[in-house]
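Data block below; observations after.
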Amino acid sequence: MVAEAPDKLVFNFIGHTRMQNEAQVNPQLLLRDWQAEGALLIGGDIDLITGYLESTIQAYDEIFAFDRPNTMVAFGNHDYQ
């Protein structure tokens, strides 16, 4: 049996979402349910210091669901300084 192809493939790409103040979530990110459909491709520089505080990475995990199979992240220089 061959699986049917979906009617459409959805890829959502966002990158460089950081604000000028560290650990400040861009309010535009909260306006959408990023897990609702398709794949989410996140470019680098999510925050000024994404990996510095566990609370920062957890805040973005709540928004993007990093452990979701359809979520792919490329960390940039500001994510792991």
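Shown here for N26 and Y60, the closest heavy-atom pair between the two residues is N-OH, 4.5 Å. Of all non-hydrogen atoms in G38 and R68, the two that sit nearest each other are O-NH2, 2.7 Å. Nearest approach of M72 to A39, heavy atoms of both residues: CE-CB, 4.1 Å.
Taken from CD1 in I14 to CD in Q28, the straight-line distance is 11.0 Å, to the nearest 0.5 Å. Expressed to the nearest 0.5 Å, how far CZ of R18 lies from CG of D45 amounts to 5.5 Å.
Within the 4.5 Å cutoff, the side chain of F75 has heavy atoms near those of the I46 side chain. Proximity of V25 to T17: side-chain heavy atoms (C-beta onward) are nowhere separated by under 4.5 Å.
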Just do the side-chain hydrogen bond (donor to acceptor under 3.5 Å, both in side chains) check on Q58 and E54 with the steps written out, would you?
CA-CA 6 Å; Q58 286 174 346; E54 187 173 338; 3.0 Å; yes

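Put simply, the side chain of D79 never gets that close to the backbone of T50: no donor and acceptor are under 3.5 Å apart. Between the side chain of T71 and the backbone N or O of A65 there is at least one donor-acceptor pair closer than 3.5 Å.
V10 and F13 sit in two unconnected hydrophobic clusters of ILVMFWY residues. Membership requires side-chain heavy atoms under 4.5 Å apart, directly or through other members.
Shown here are the side chain to side chain donor-acceptor pair (under 3.5 Å) partners of N12, two or more places apart in sequence or in another chain: R32.
No option in I42, N70, I63 other than I63 meets the side-chain contact (heavy atoms from CB on, under 4.5 Å) test with W34.
Using bins of under 30°, 30° to 60° and over 60° for the plane-to-plane angle, the ring pair F64/F66 lands in the tilted bin.
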